[in-house]
Structure formats: structure tokens, C-alpha cells
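Values below: every heavy atom of this structure, side chains too, minus hydrogens, waters and symmetry copies.
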Amino acid sequence: MTQRMPILWLDETDSTQNELARHISDYDNLSVVAARLQTAGRGQRGNKWLASKGKNLTFSMLLKFGQGPLPILRASDQFRITKAATLGVLSYLDSTGIECMIKWPNDIYHRNKKICGMLIENVLDGNNVSYSIAGIGLNVNQREFPINLINPTSMSLASGKEYDLESEMEKLHVCLRDSIVSNLNADDDSSSYEGRLYRKGEFHEYVRCSDGTSFEAMITGVDKSGLLEVRNRKGEREKFAFKEISYII
Ligand code: BTN
């Protein structure tokens, strides 16, 4: 029988990331804190994460490396957490029939719209990752979004169904835990991640953030550290870090 890891539901907190960080020693490895409302949800690049009360899944999962089923993880391998977590969310979404892709590095897209975002915060101890707080915001039943959000969608908009948040959280937790434990205990491999990478193998327009110029390129993959690898029509290859390239969608 698979071991159940606890899910703690809070009616309201500032951010489940902050909640876990404040009480780190109270939480078991691979446990989750979920909130019906975050008053100061945090997104990537210092943005806010906005989600209507009681409509979506907003939660954080604690990963303590070198404890229980999680092996020691070198800091240089931290992109493996992103690969395992994104594949866990996809495995859950596949089970609901909503086929999604990973928009590098860790957004989940349904068609050309964002259905899920992640904020993975790692705490290092020397050359290793001590623990990680993986924050996930999955749009579930919300059907209307503030106009300033770029390309949002939800499971409900994708499928026409309404979902029970607590039972979906349980299923998603199992998928995440299984993906994280199995991927981090196996040899590092990017093929599953790259196999679900949004816009891989097609030419599209991108913006180089350093100077705002646009260029046409094809995503070819990611390297071990998580840099995005692209090539242009002349066959010239280039790698980008997060914040160095933006997609035109
Ligand atoms: C993004 O900008 O795409 C990342 C969004 C991450 C949001 C989640 S919601 C649960 C957790 N708590 C937070 O404050 N942020 C993450």
C-alpha cells in the first residue's frame, strides 16, 4: 500500500510558501499545505499570484532531501526538482483528460493558455539542496480572471466540468509525490520533460530580454542546469536562462 502523506488545509494564509517556511520543522517530508485563500500569493519574477477564494488549488509541498524517500540532491542538479514537479502535474492533468504541455521552465499550458504556475524555492546547504518548497497554483474552477493576467485558463474552462478541490488535491498530491520520488531516485534524464515541452521543434518568435529585440528560433531542449536551448534557421545555437528570453504567444 502506498503511504499517505498529510495535506493540511487552511482557510486563509498570506502565502502557503511563507506558511511552510515559517513552520518548516512542523511539516513532514512530502507533505502539503493548501489554502482556500492566499492574501499575498507569490508568483515568479516577484509577481503576485491571484486566485479567487475557494476556486483553485494553491498549495506548497515540502521536499527534504536526504530524508525518507528523497535522496541527497546536489545544488547543481536542482533543475531536476522542476522536471519532476512539472511531470507530476502533467501526470495528474493527463488523468483528468486535459492534455497540457510544459512551458519552460515550469508553467503548465493548455493549448496557448496558462493553467498552472510554479514557484520552487530551494534552500542550499553547501553543495547540496537542503530542502525545497514547491509552490503550485493550479486554476481549477475559476472561469473569469482579472484582465491584467496574460492568457489564463482553468480545468473548468478546458473541460466544462466542476471539480471538488479536496479530492483533486489528494489525486494531484499522489501524482506529484510519485513523480518526485521516482524521478529523483533515477538517473537524471530530460527526455520526458522535453517530450512535453511547449513549442519544442517548431519555429516561433521570441524576445531577447537584454535588448527587447525579437527573433525567430526553435526550441531544441534544455541542458542539465535547466537552460533553454534554441537554434535559428541558420543552425546557430544559443542557450537562455530564465528572464533572458520571453515568448510571443
Ligand atoms: C507563477 O508565477 O507562475 C508561479 C505561481 C506560483 C503560485 C503558487 S500558489 C501556492 C504557492 N504559494 C504562493 O504564494 N505561490 C505559490
Side-chain angles (χ1 to χ4, degrees), residues 3 5-6 15-33 42-47 49 59-91 102-108 116-137 173-197 200 209-210 219-230 237-245:
Q3 202 190 345
M5 299 292 164
S15 150
T16 56
Q17 293 295 97
N18 302 349
E19 165 64 26
L20 252 184
R22 278 191 295 261
H23 303 290
I24 205 90
S25 53
D26 296 343
Y27 287 91
D28 288 336
N29 201 3
L30 298 168
S31 64
V32 153
V33 57
R42 296 192 281 114
Q44 294 161 359
R45 305 173 195 247
N47 291 327
W49 183 257
F59 65 96
S60 301
M61 186 171 184
L62 177 61
L63 313 179
K64 295 181 185 173
F65 297 98
Q67 289 189 35
L70 291 186
I72 290 170
L73 185 73
R74 281 175 302 182
S76 55
D77 282 339
Q78 54 194 294
F79 188 62
R80 296 187 65 180
I81 306 168
T82 299
K83 288 189 279 193
T86 49
L87 289 171
V89 174
L90 284 190
S91 142
I102 302 161
K103 176 175 168 279
W104 176 84
N106 56 14
D107 286 343
I108 306 294
C116 176
M118 278 184 211
L119 181 66
I120 297 178
E121 299 182 305
N122 299 328
V123 173
L124 305 186
D125 179 9
N127 291 330
N128 293 331
V129 185
S130 172
Y131 64 89
S132 176
I133 301 178
I136 297 182
H173 187 206
V174 171
C175 291
L176 272 169
R177 188 204 56 204
D178 289 353
S179 175
I180 288 167
V181 171
S182 64
N183 278 290
L184 292 177
N185 282 293
D187 289 341
D188 189 16
D189 173 30
S190 293
S191 57
S192 303
Y193 177 91
E194 290 185 350
R196 300 293 294 267
L197 201 51
K200 180 172 180 256
C209 298
S210 57
I219 293 173
T220 54
V222 288
D223 77 5
K224 186 175 145 55
S225 69
L227 297 178
L228 187 71
E229 300 173 324
V230 307
R237 295 179 182 273
E238 205 172 344
K239 291 188 187 188
F240 289 90
F242 191 53
K243 296 185 183 169
E244 289 181 349
I245 184 169

For the pair [X] (side chain) and [Y] (backbone), establish whether a donor and an acceptor sit closer than 3.5 Å, ignoring hydrogens and angles.
| X | Y | value |
| --- | --- | --- |
| S60 | G135 | no |
| S179 | C175 | no |
| K64 | Y27 | yes |
| Y131 | L124 | no |

Self-check item: D223: salt bridge (charged side-chain N to carboxylate O under 4.0 Å, His left out) partners, not counting sequence neighbours
Solution: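 With sequence neighbours excluded, D223 shows a salt bridge (charged side-chain N to carboxylate O under 4.0 Å, His left out) to K239, given in chain and number order.
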Self-check item: Residues forming a salt bridge (charged side-chain N to carboxylate O under 4.0 Å, His left out) with R45, sequence neighbours excluded
Solution: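 Salt bridge (charged side-chain N to carboxylate O under 4.0 Å, His left out) list for R45, sorted by chain: empty.
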Heavy atoms, side chains only, cut-off 4.5 Å: are [X] and [Y] in contact?
| X | Y | answer |
| --- | --- | --- |
| S31 | P6 | yes |
| L62 | L30 | no |
| F59 | V33 | no |
| T82 | M118 | no |

Exercise. Just jot down the side-chain hydrogen bond (donor to acceptor under 3.5 Å, both in side chains) partners of Q67, sequence neighbours excluded, or say none.
Key: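 With neighbours one apart ignored, the set is empty.
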Practice problem: Quick one: list whatever passes side-chain hydrogen bond (donor to acceptor under 3.5 Å, both in side chains) with N128, sequence neighbours left out. | Solution: none
Quiz item: For I219 and W104, what are the C-alpha separation, side-chain angles and deciding distance, and is it a side-chain contact (heavy atoms from CB on, under 4.5 Å)?
Solution: CA-CA 10 Å; I219 293 173; W104 176 84; 5.6 Å; no
Quiz prompt | Pairwise salt bridge (charged side-chain N to carboxylate O under 4.0 Å, His left out) hits with a residue in residues 117-132, at least two apart | solution = R42-E121
Exercise. I would like to know whether I133 and L63 meet side-chain contact (heavy atoms from CB on, under 4.5 Å); could you show each step before the answer?
Key: CA-CA 6 Å; I133 301 178; L63 313 179; over 6 Å; no
Self-check item: Chi angles and distances behind the side-chain contact (heavy atoms from CB on, under 4.5 Å) call for S130, F65
Solution: CA-CA 6 Å; S130 172; F65 297 98; over 6 Å; no
Quiz item: Is K83 paired with D189 through a side-chain N to carboxylate O contact shorter than 4.0 Å?
Solution: no
Exercise. Using the side-chain contact (heavy atoms from CB on, under 4.5 Å) rule, take I136 and M61 through it: C-alpha gap first, then chi angles, then the decisive distance, then the call.
Key: CA-CA 8 Å; I136 297 182; M61 186 171 184; over 6 Å; no
Let me check something: any side-chain donor-acceptor pairs from residues 70-81 under 3.5 Å, sequence neighbours excluded? List them with distances.
residue: R74; atom: NH2; partner: D77; partner atom: OD2; Å: 3.2
residue: D77; atom: OD1; partner: K224; partner atom: NZ; Å: 2.4
residue: Q78; atom: OE1; partner: N122; partner atom: ND2; Å: 2.9
residue: Q78; atom: NE2; partner: A75; partner atom: O; Å: 2.9
residue: R80; atom: NH2; partner: N183; partner atom: O; Å: 2.7
residue: R80; atom: NH2; partner: A186; partner atom: O; Å: 2.6

Quiz item: Just checking, is any N or O donor in the side chain of K200 or T220 under 3.5 Å from an acceptor N or O on the other one?
Solution: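 On atom types as modelled, these side chains do not qualify, holding no pair under 3.5 Å.
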